[in-house]
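Below is one structure, written out as structure tokens, with a few remarks after it.
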Amino acid sequence: MNSTNAARRISRRDFIRSSAALGAVAWGMPTIVPSSVLGQNAPSKRINLAIIGCGNQSTVDIPEWLKNDDCQIVTVCDVNRASHGYRSDDQFLGREPQRDFINQFYARKTGKDSFKSCDACTDFRAVLARKDVDAVAIITPDHWHAVMTIMAAEAGKDIYCQKPLGLTVRDGQEMIKAVRKHQRILQCGSQWRSTPHVRQACELVLNGRLGKLQRVESLVATNNFAGPGPGWKEMPVPEGFDYDTWLGPAPKAPYHKDRCFYKFLFIRDYSGGQTTNFGHHSNGVVRWGVGDDLFPTEFEDQGSEWPEKGDLFTTPTKVAFRALFPNGFELVCKTDKRGFGVRFIGSEGTIDVSSKKIESTPVSIKSAVIGGNDKRLYVSPNHYRNFLDCVKSRQDGVEPVETGHRTSMLCHLGNIAMLLKRKIKFDPQQEQIIDDAEAAAMLARPMRAPWSYGAQT
Ligand SMILES: NC(=O)c1ccc[n+]([C@@H]2O[C@H](COP(=O)([O-])OP(=O)(O)OC[C@H]3O[C@@H](n4cnc5c(N)ncnc54)[C@H](O)[C@@H]3O)[C@@H](O)[C@H]2O)c1
């Protein structure tokens with residue numbers, strides 16, 4: 001058996017553990033919550049969801065899934081049993097706390113003293129092997145997004161994958177292949193396309209209310225943590241944490257507390273930093289406003305800053321790049337203390353989109369009427385609800401795999417230009433960097449065995 005198959009095969013020990021967990025559930029409370037208790041939806045219409053990754057963002061996503069009566073979280077998976085050490089001091093997270101949180105929610109909802117419908121496991125392959133799981137929510141660090149998505153698609157699961165869609169451009173391309181080959185629904189988890197005022201702003205731009213578009217500014221937040229600096233030392237791996245599986249397809253590396261939970265975001269082996277973190281949100285809004293069919297053909301550094309050599313952290317401390325769209329307007333993506341935000345600048349005025357509102361100059365632009373023959377954008381008032389509806393209808397949602405990939409790709413190309421500190425020319429049709437072999441090689445990265453894109457490569 002080759003290494004790929006070895007990774008895809010679930011070990012006998014994991015299988016027994018997962019079967020034992022299922023057996024325990026059957027002994028305790030019913031595995032499926034009766035529809036009469038959870039809502040009006042017949043069990044056949046209810047979507048059984050598995051959560052993969054029980055860290056910081058799961059505290060946002062899990063409560064959102066729980067709002068939907070036709071969705072039941074049947075299992076959670078994390079390589080961390082339970083610990084502090086996430087984004088904030090008060091976060092105690094991992095598979096057991098999140099399992100308990102979900103069961104307590106269902107107990108309250110059903111008026112019972114306790115509920116054991118949701119179980120917890122360590123190995124996501126055990127989740128994918130379960131026949132009762134219809135869909136997975138992938139909330140792991142970015143270096144896992146592609147492998148998990150591809151294996152979930154092969155296992156016939158629909159997928160809500162947190163942004164960005166992969167660590168590299170190649171990751172995204174392989175995710176598209178798998179999702180389309182296996183006819184799965186994938187929603188990329190960048191919720192701004194399900195935010196009504198963002199849609200309104202983008203429709204105004206798309207329909208020319210700003211006149212001729214000249215420049216777009218896309219803001220990303222400052223880094224909220226600093227690295228340990230050069231000279232950092234290896235630390236013992238905490239008990240209850242499967243560090244090797246956390247690393248997964250990423251290179252083998254000595255453990256340090258600032259490497260994993262939440263702060264992986266600042267290390268290039270696992271993330272593109274704020275360029276792909278906030279950048280996926282703000283650049284996704286830019287693309288919606290200017291038209292998803294347009295894509296920049298040039299990328300250039302504009303004074304990005306990076307951590308000191310030898311630091312554990314390796315993503316930009318200051319994001320600053322420029323991308324040129326073929327019809328002449330430029331995008332400037334930069335770190336700004338305001339965090340997420342987009343400014344569209346045209347010959348007739350400007351529109352600013354923040355997390356809460358739209359502002360325009362002149363003020364009248366923001367209330368201009370969109371209608372008649374104007375282009376309209378996909379209406380999704382809630383990103384999670386939209387995914388569940390699409391699982392039932394088998395139609396693409398507001399942010400399908402191709403859309404998520406193209407936004408992630410824009411961010412990855414910005415990172416490549418900032419790293420190399422030179423202009424990158426890009427062919428958006430072929431998704432290839434032109435006349436620069438060193439830059440082109442950065443569109444993909446090797447994966448540590450036994451992980452790979454699988455049979456499709
Ligand atoms: N949409 C948004 O607004 C938003 C906001 C924050 C984060 N995110 C995204 O969510 C993802 C997770 O970010 P986070 O802040 O929650 O990180 P985190 O480190 O707090 O949590 C990630 C969890 O995944 C677990 N994990 C790692 N490898 C695993 C594996 N092989 N199997 C099972 N679990 C594994 C970790 O142990 C950890 O508990 C990132 O991709 C990030 O970009 C999205």
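FYI, side chains are in, hydrogens and waters are out, and symmetry mates aren't considered; it's all heavy atoms of this structure. Nothing here was measured: the structure is a model prediction, and the numbers come from that model. Just so you know, residue 1 is the first one in the sequence shown, and it goes up from there. Counting convention: from 1, in listed order, for ligands and their atoms alike.
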Open item on the list: Checking Lys157 now: which residues fulfil salt bridge (Lys or Arg N to Asp or Glu O under 4.0 Å) with it, not counting sequence neighbours?
Closed with: none
- [ ] Could you tell me whether the side chain of Arg259 and the main chain of Pro254 form a donor-acceptor pair under 3.5 Å?
- [x] yes
- [ ] Show the numbers, then the answer: is there a side-chain hydrogen bond (donor to acceptor under 3.5 Å, both in side chains) between Gln72 and Ser117?
- [x] CA-CA 9 Å; Gln72 188 183 346; Ser117 169; 2.7 Å; yes
For ligand 1, list all ligand N or O to protein N or O distances below 3.5 Å, rounded to 0.1 Å.
residue	atom	partner	partner atom	Å
ligand 1	1 (N)	Gln162	OE1	3.0
ligand 1	1 (N)	Gly189	O	3.0
ligand 1	1 (N)	Gln191	OE1	3.0
ligand 1	3 (O)	Gln191	NE2	3.0
ligand 1	3 (O)	His281	NE2	3.1
ligand 1	15 (O)	Asn56	ND2	3.1
ligand 1	16 (O)	Asn56	N	3.3
ligand 1	16 (O)	Gln57	N	2.7
ligand 1	19 (O)	Tyr262	N	2.7
ligand 1	20 (O)	Asn56	N	2.8
ligand 1	31 (N)	Trp144	NE1	3.2
ligand 1	37 (O)	Asp78	OD1	2.6
ligand 1	39 (O)	Asp78	OD1	3.3
ligand 1	39 (O)	Asp78	OD2	2.7
ligand 1	39 (O)	Tyr86	OH	2.6
ligand 1	41 (O)	Thr140	O	3.2
ligand 1	41 (O)	Asp142	OD1	2.8
ligand 1	41 (O)	His145	NE2	3.1
ligand 1	41 (O)	Lys163	O	3.2
ligand 1	43 (O)	Lys163	O	2.8
ligand 1	43 (O)	Lys163	NZ	3.1

Open item on the list: When you compare the side chains of Ser194 and Asn382, does any donor N or O come within less than 3.5 Å of an acceptor on the partner?
Closed with: no
Task: Trp246 side-chain N/O to Asp78 backbone N/O, donor-acceptor pair under 3.5 Å - done: no
- [ ] Evaluate ring-ring contact (aromatic ring centres under 6.0 Å, His included) for Tyr86 paired with Tyr262, printing each intermediate quantity in order.
- [x] CA-CA 6 Å; Tyr86 285 85; Tyr262 185 78; 8.9 Å; no
